[in-house]
Amino acid sequence: MADRPELEITRRGVLASGAMGAAIAVAPGAAVAQNAPEPQAPPTMPVRFKVNGRPQQLTLDTRTTLLDALREHLHLTGTKKGCDHGQCGACTVLVGGKRINSCLTLAVMHEGDEIVTIEGLGTPDKLHPMQAAFVKHDGYQCGYCTPGQICSAVAVLDEIRRGVPSHVQADLTKRPAASNMEMRERMSGNICRCGAYSNIADAMADVAGVKA
Amino acid sequence: MRAFTYERAKDAVEAARIVAGRPDAKFIAGGTNLLDLMKLEIETPTHLVDVQDLGFDKIEKTRDGGLRIGALVTNTDLAADERVRRDYGVLTRAIVAGASGQLRNKASTAGNLLQRTRCPYFYDTNMACNKRKPGSGCAAIGGYSRQLGVIGVSNACIATFPGDMAVAMRVLDAAIETVDGGGQKRSIPIAEFHRLWGDRPEIDTVLKPGELITAVTLPRPIGGRHFYEKVRDRASYAYALVSVAAVIQRDGTGRVAFGGVAPRPWRVEAADALLPQGAAAVTARAFQGATPTRDNAFKLPLATRALASVIAQAKA
């Protein structure tokens, strides 16, 4: 690579050329638009909700997902965008105490809601017990899915406490136990490309006070 | 995603009237399926009517001893309801076999019934798909059809209804309550709710434009042992290749419906009657006239084996 600098691809270079490509692609359309009727600005709407206890007021393009509102508008970038289609769980946040995929819900649907993200669970000085357990048990490698894993894990233990049933429960009329099988099943909506699953289950067992 | 305007409905009839009057408008409840499809521009509504404030979020006893499940009850809340777990176990089992914890917390009862197919050609906008673009053809026929339908399909479309919850509701003889923009209410038996594709695969259900689901009712409990056996490519968070919902009584009689095989939850009442004769007798009748492809012919013996497993558990 070193003797062929023209082939040396940097992250910045890719981003710059990507932006240039976009500019070229847009130009012909813009020229046509001069003769066409003025394109309408996309509809926007105000929305108010609480994020990590703080009231927030935003005016957003109606298409803005809760995930993009958190990341791009409130700059809470702990919540991650993985697949953006509800398949990977990296965007998991708590809304009204329940875990959801923030990529598959519109911000404007959350008027008045209370949202908790990874930034609201704990701070570097005062970790949430689940955050501390992930550190202790090495429940991650690259860390990209980790905020979603931790939000999901906190909610899973709460769901087990509240008696929400699962696919691996033998008797539906009994209360579920915080077993390894239960946690693995309930965490199936959070994908970890590095494969830290067994350590994540250990961290959850530690917080739940059970053997992994 | 295409731009759209958004409003939160305060009244069910008004919401139905708005959507009936605009072919480009859609209801949104949980949004977990619709927003996914809007991002891919498979669904392109220009107006969304959010129905979350309409109060259809309760599960109540009906006068005849059954349950009325509000259209907005989340999948999690429905599966967790004490009465459902006790008297309609097949329904809890089916719900918790589907999607992920996050999705079940947001997905609604009505939305689950209305979820669109997961046929890969429906999702790939570069491919011909009569369901996505009427008249464009069906790339699934002669294509990769391992996940697709084996019965009730047509020359225009071989997609399946992908859900689990509705398969259990079919066994329980549920009915879907709706209201339209004129305030007219009706109750649709679940057996008639999902269409067979025929030559109009773009229409999934018998709902009229703007007709809004308000509730799903379950008749009084029928007792028996409840099962939902789901066979899939991974142990959790995957669509069914074949699923079996069954309620089996002590004397070996019962009811059975299959998921992952047809445009609707697949139940043939004449096949139910053969349950005491064993799984092979039931599936021979239920899948009479099946038209599998080379890729998905395995679903027929798989359905027999999944049902055999259920019958064995019922006898144990």
Side-chain angles (χ1 to χ4, degrees), chain A residues 39-45 47 60-66 83-89 91-106 108-111 148 151-152 155-156 159 162-169 171-174 176 181 184-191, chain B residues 1-8 28-40 46-48 50-53 74 76-82 84-107 123 164 226 228 230 234-238:
Chain A
Q40 281 186 337
T44 60
M45 279 186 78
V47 62
L60 298 171
D61 184 319
T62 51
R63 291 172 290 185
T64 312
T65 59
L66 179 59
C83 68
D84 209 25
H85 286 278
Q87 296 171 6
C88 77
C91 68
T92 304
V93 299
L94 308 176
V95 176
K98 313 260 176 81
R99 56 178 171 148
I100 66 166
N101 298 115
S102 63
C103 76
L104 282 188
T105 191
L106 297 171
V108 294
M109 294 167 74
H110 291 280
E111 179 72 33
C151 284
S152 202
V156 162
E159 285 166 18
R162 288 189 291 114
V164 172
S166 92
H167 175 62
V168 295
Q169 211 173 315
D171 184 345
L172 290 180
T173 60
K174 295 218 172 90
M181 274 302 284
R184 290 165 65 100
E185 161 60 25
R186 290 168 191 265
M187 290 295 286
S188 69
N190 291 85
I191 309 296
Chain B
M1 201 186 304
R2 304 278 177 86
F4 56 85
T5 48
Y6 168 94
E7 69 179 297
R8 261 165 100 147
I28 186 165
T32 53
N33 188 213
L34 180 59
L35 289 169
D36 183 25
L37 294 169
M38 284 169 66
K39 287 181 184 194
L40 297 165
T46 61
H47 187 64
L48 288 182
D50 187 338
V51 296
Q52 67 172 302
D53 300 327
T74 65
T76 298
D77 288 347
L78 180 53
D81 186 274
E82 207 177 311
V84 175
R85 280 189 284 158
R86 186 188 61 218
D87 298 332
Y88 304 97
V90 64
L91 182 53
T92 290
R93 287 267 175 232
I95 293 171
V96 297
S100 67
Q102 289 97 315
L103 289 166
R104 293 193 296 267
N105 279 341
K106 201 83 190 93
Y123 266 78
D164 296 295
H226 290 227
Y228 192 74
K230 180 172 178 179
R234 56 184 185 199
S236 184
Y237 198 18

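In this text, all values refer to a predicted model and were calculated from it rather than measured experimentally. Naming convention: chains lettered A, B, ... in sequence-line order (proteins, then strands); numbering from 1 in each chain.
- The nearest pair of heavy atoms linking B/Leu103 to A/Gly86 is CD1-O, 3.9 Å.
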### Task
Go through the steps to decide whether A/Glu159 and B/Asn105 satisfy the test side chain to side chain contact (heavy atoms under 4.5 Å, CB included), and finish with yes or no.
CA-CA 11 Å; A/Glu159 285 166 18; B/Asn105 279 341; 3.4 Å; yes
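- For chain A, the option among B/Gly31, B/Ala80, B/Gly98 with the highest count of heavy-atom pairs below 4.5 Å is B/Ala80.
- With a 4.5 angstrom heavy-atom cutoff, B/Ile95 does not touch chain A via any of its atoms.
- Using a 4.5 Å cut-off between heavy atoms, B/Arg8 contacts chain A through its side chain alone, with no backbone atom that close.
- For the atom pair CZ (A/Arg186) and OG (B/Ser100), the distance works out to 13.0 Å, reported to the nearest 0.5 Å.
- Residue A/Arg63 holds its CZ atom at 12.0 Å from CG of B/Leu48, rounded to the nearest 0.5 Å.
- You'll find the side chain of B/Arg93 stays beyond 4.5 Å of the side chain of A/His167, heavy atoms only.
- Within the 4.5 angstrom heavy-atom criterion, no atom of B/Ala94 approaches chain A.
- Nearest heavy-atom pair across B/Lys106 and A/Thr105 is CE-OG1, 3.6 Å.
- A heavy-atom distance below 4.5 Å is found between the side chains of B/Gln102 and A/Asn190.
- Residue contact with chain A, scored on non-hydrogen atoms closer than 4.5 Å, involves the side chain of B/Asp50 exclusively.
- Residue B/Leu34: no heavy atom, backbone or side chain, is found under 4.5 Å from chain A.
- With values rounded to the nearest 0.5 angstrom, A/Leu104 atom CG is found 11.5 Å from B/Met38 atom CE.
- Nearest heavy-atom pair across B/Gly89 and A/Leu172 is O-CD1, 3.7 Å.
- Contact of the B/Leu35 side chain with the A/Leu106 side chain is registered, since non-hydrogen atoms from C-beta on lie closer than 4.5 Å.
- With a 4.5 Å cut-off on side-chain heavy atoms, A/Glu185 and B/Val96 do not count as touching.
- Contact annotation for A/Asp84: both backbone and side-chain heavy atoms come within less than 4.5 Å of a heavy atom of chain B.
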task = Could you give me the CA-CA distance, side-chain angles and deciding distance for A/Gln87 and B/Asp36, then say whether side chain to side chain donor-acceptor pair (under 3.5 Å) is met?
result = CA-CA 10 Å; A/Gln87 296 171 6; B/Asp36 183 25; 5.3 Å; no
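- Side-chain contact check for A/Thr62 versus B/Thr5: every heavy-atom pair is 4.5 Å or farther apart.
- With contacts defined as side-chain heavy-atom distances shorter than 4.5 Å, the pair A/His85/B/Leu40 qualifies.
- In this structure, chain B has a heavy atom under 4.5 Å from the side chain of A/Met45, while its backbone stays farther away.
- Residue contact with chain A, scored on non-hydrogen atoms closer than 4.5 Å, involves the backbone of B/Ala29 exclusively.
- When every heavy atom of B/Ala3 is checked against every heavy atom of A/Pro43, the shortest pair comes out as CB-CD, 3.8 Å.
- The heavy-atom pair separating A/Met109 from B/Tyr6 by the smallest distance is CA-OH, 3.4 Å.
- Between B/Lys39 and A/Thr65 there is a side-chain heavy-atom pair separated by less than 4.5 Å.
- For the set B/Lys230, B/Arg234, B/Glu82, B/Gln52, the entry with the most heavy-atom pairs within less than 4.5 Å of chain A is B/Gln52.
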